[in-house]
2 protein chains.
Amino acid sequence: MADDAKSPLDRPGQVPEVAVSRLPQYVRALSQLLADRVEVVNSQQLGEMLQITSPQIRKDLSYFGRFGKQGRGYSVRHLLVELQGILGLDHGWNVAVVGVGRRGRAILSYPWFTPAGFRLVAAFDGDPETVGQQVGELTVRPIEELDWAVRELQVRIAIVAVPSNQTQQVIDRLVGCGVRALLNYAPVMPLVRKGVRVQNIDPVLALQSMTCYLASEGLGPD
Amino acid sequence: MADDAKSPLDRPGQVPEVAVSRLPQYVRALSQLLADRVEVVNSQQLGEMLQITSPQIRKDLSYFGRFGKQGRGYSVRHLLVELQGILGLDHGWNVAVVGVGRRGRAILSYPWFTPAGFRLVAAFDGDPETVGQQVGELTVRPIEELDWAVRELQVRIAIVAVPSNQTQQVIDRLVGCGVRALLNYAPVMPLVRKGVRVQNIDPVLALQSMTCYLASEGLGPD
DNA sequence: TAGATTGTTAATCGATTAACAATC
DNA sequence: TAGATTGTTAATCGATTAACAATC
């Protein structure tokens, strides 16, 4: 909100989305290097870990600043901290889960989110049977509380795991309460207004696009 | 393998990967239209369902043939059948699941795969506790049987849901047995030789790339 | 025939790669 | 200083969009 636009993300139009989408991969690789007590890494090595070319990595990083030292490479710790800052992973985002069926339950039970910079703070379900159950660290709340609680907890990120036919409506409601980033597990492509981001997790689609190549190579099972 | 290259996918170099990756979405939308008794659809309408521009759709389809009628649009049933054929979804691919932890269990229990053109035919796990259990329609086999069974069943597609540190090794083994398409659920980027396809399902990465935009818009939770 | 929509060609746009000067 | 690797500019590549002729 400051007037003097210094951060490269105050001008996000300049940064290609693909570059942003690769940043979390860099963070992950750097975390691993840090855990392995590696102190310095160059773009070549980082590229090998992730199967990305080294100029690609240097170019991606250059959109956000100058983090390396010529002739030497990047300080693992320093680059990691910088990228986490750029991605906002140091914020501890509050995340809500909507839909506590099988999928939602799995998400709530796994402990991956906290280390990744997220905090699961609320779970909602429409089924009275499910409401009140303890799943992972949370007690499932009735869907009626959604608007109130999402605003109260300043939730900006939601994971939606409700049936396809309810997805659009649930997402509209969440967006109305201030949610700006959504992970959707239903096999539909929800429509959201500009400024709101949706990522669809759709393993079947991923699988189906690969069969195309198998089919063309005569690898059919018959 | 035929000498007379008629099918557009005998020359897959010409077809952009992005176009192929959109085909399953068209299949899904067309299936829905068919279920809704819609007989004809045009590129505009299809585009609205999927948030893809109409010229994009026409271009994608044009890589594979001429399926529409000018002035009228596409026959839902005909286009659906054609695209299913191109993607090889009419084959009934045999699919193996490796790793029957939480994630693998969820995959085996859900019934989405068969309608999508896949048949889960084997499940493997290294843990003697898990081996022999009935999960969904299948009995979990010991990992030792993997090579034999994958060859025997002519499995070309595998879903890998093993811990990160075992993923590369399991995938190498599967590829050695003839698997050519893999869905990987571990947060690592496995390396495979040319001609083998991997799709990584990585919700945390998807989530982390969205926070970048939230952070830059001053929507932090503090 | 008139109207509509496809299929395709050409123009634009954006992302990747190559190459190298800057510099640690 | 010599060697190495970054950061950046320019060239290439590929994908999307615009526009329209073909044709149902």
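The figures here come from the full heavy-atom set of this structure, side chains too, leaving out hydrogens, waters and symmetry mates. A, B, ... follow the sequence lines: proteins, then strands. Residue 1 opens every chain.
Applying the side-chain hydrogen bond (donor to acceptor under 3.5 Å, both in side chains) criterion to A:Gln44, with sequence neighbours excluded, gives A:Glu48. In terms of the side-chain contact (heavy atoms from CB on, under 4.5 Å) criterion, residue partners of A:Ser43 (sequence neighbours excluded) are, by chain and number, A:Ser54, A:Ile57, A:Arg58, A:Tyr74. Checked against side-chain hydrogen bond (donor to acceptor under 3.5 Å, both in side chains), A:Asp90 has no partners two or more places apart in sequence or in another chain. With sequence neighbours excluded, no residue forms a side-chain contact (heavy atoms from CB on, under 4.5 Å) with B:Arg37. Legend: residues meeting salt bridge (Lys or Arg N to Asp or Glu O under 4.0 Å) with A:Arg22, ordered by chain and number and at least two apart, are A:Asp60. Applying the salt bridge (Lys or Arg N to Asp or Glu O under 4.0 Å) criterion to A:Arg173, with sequence neighbours excluded, gives A:Asp147.
Remark: A:Arg66, A:Phe67, A:Gly68, A:Lys69, A:Gln70, A:Gly71, A:Arg72, A:Gly73, A:Tyr74 in residues 66-75 of chain A come within less than 4.0 Å of DNA chain D through at least one heavy atom. Within residues 25-51 of chain A, the residues approaching DNA chain D are A:Asn42, A:Ser43, by heavy-atom distance under 4.0 Å.
Residue pairs satisfying the salt bridge (charged side-chain N to carboxylate O under 4.0 Å, His left out) criterion with at least one member in residues 194-215 of chain A, sequence neighbours excluded, are listed as follows: A:Glu17-A:Arg197, A:Asp202-B:Arg28. Within the structure, the salt bridge (charged side-chain N to carboxylate O under 4.0 Å, His left out) test picks out no pair touching residues 65-81 of chain A (sequence neighbours left out).
Close approach of DNA chain D to chain B, defined as any atom under 4.0 Å from a non-hydrogen atom of the protein, starts and stops at D:dA15 to D:dC24.
For DNA chain C, if you chain together Watson-Crick or G-U pairs that step i with j, i+1 with j-1 and so on, the runs of at least three with distances under 3.5 Å are C:3-24 with D:3-24.
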